[in-house]
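Here is the structure we will look at, set down as structure tokens.
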Amino acid sequence: MSISMAFTEAVRTVFKEKYATFSGRASRSEFWWSYLLYVLGLIAFVIAISGTLVAALSDIASLSLMIAVPVTSLAASGNGGISNGVY
């Protein structure tokens with residue numbers, strides 16, 4: 001069963017009804033729209049701290065490299081990569 005929600009409806013559901021609920025499941029749209037909101041907030045935070053867009057982009061590139069290297073190494077050694085919860 002697929003329940004498709006718009007951005008505002010999914011985020012509202014997550015923050016009002018399911019914020020501290022640790023049982024059950026979120027729909028796919030609730031998960032991805034909330035994750036998008038989190039990533040956009042993180043990017044805005046990095047830009048605010050870095051001061052300039054160029055510095056923020058270099059910070060984000062460094063962060064993604066810091067995540068990619070251990071994931072690739074774990075995957076190459078046969079230990080599952082990101083599925084082992086590297087970050």
Side-chain angles (χ1 to χ4, degrees):
M1 180 171 96
S2 175
I3 300 173
S4 181
M5 293 184 186
F7 174 77
T8 54
E9 183 182 1
V11 171
R12 186 179 307 121
T13 301
V14 168
F15 284 108
K16 283 190 172 182
E17 298 172 13
K18 298 182 179 180
Y19 185 73
T21 303
F22 298 102
S23 62
R25 295 182 152 217
S27 70
R28 187 173 289 178
S29 56
E30 288 172 343
F31 173 77
W32 284 113
W33 283 123
S34 298
Y35 190 75
L36 176 65
L37 180 67
Y38 168 75
V39 168
L40 292 175
L42 182 63
I43 290 171
F45 179 73
V46 169
I47 289 172
I49 289 203
S50 299
T52 65
L53 183 60
V54 174
L57 291 175
S58 76
D59 290 346
I60 292 169
S62 298
L63 178 64
S64 63
L65 184 63
M66 290 173 60
I67 293 171
V69 170
V71 168
T72 305
S73 298
L74 282 171
S77 67
N79 290 320
I82 204 161
S83 64
N84 284 340
V86 171
Y87 63 94

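Side chains included, hydrogens not; waters and symmetry mates left out as well; all remaining heavy atoms used. In what follows, residues are counted from 1 in the order of the sequence shown.
Pairing each heavy atom of Ala10 with each of Ser29, the nearest pair is CB-O, 3.8 Å. Scanning both residues, Ala55 and Ser58, for their nearest heavy atoms gives O-OG, 2.9 Å.
Criterion: ILVMFWY side-chain heavy atoms under 4.5 Å apart, direct or through other members. Under it, Val39 and Val14 are not part of a common hydrophobic cluster.
Using cut-offs of 30° and 60° for the angle between ring planes, the Tyr35 and Tyr38 rings count as tilted.
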Report the C-alpha distance between Leu37 and Phe7 in whole Å, list the side-chain angles of each, state the deciding distance to 0.1 Å, and finish with yes or no for side chain to side chain contact (heavy atoms under 4.5 Å, CB included).
CA-CA 9 Å; Leu37 180 67; Phe7 174 77; 4.0 Å; yes
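Grouped by direct or indirect side-chain proximity (heavy atoms under 4.5 Å, Ile/Leu/Val/Met/Phe/Trp/Tyr only), Ile49 sits with Phe45.
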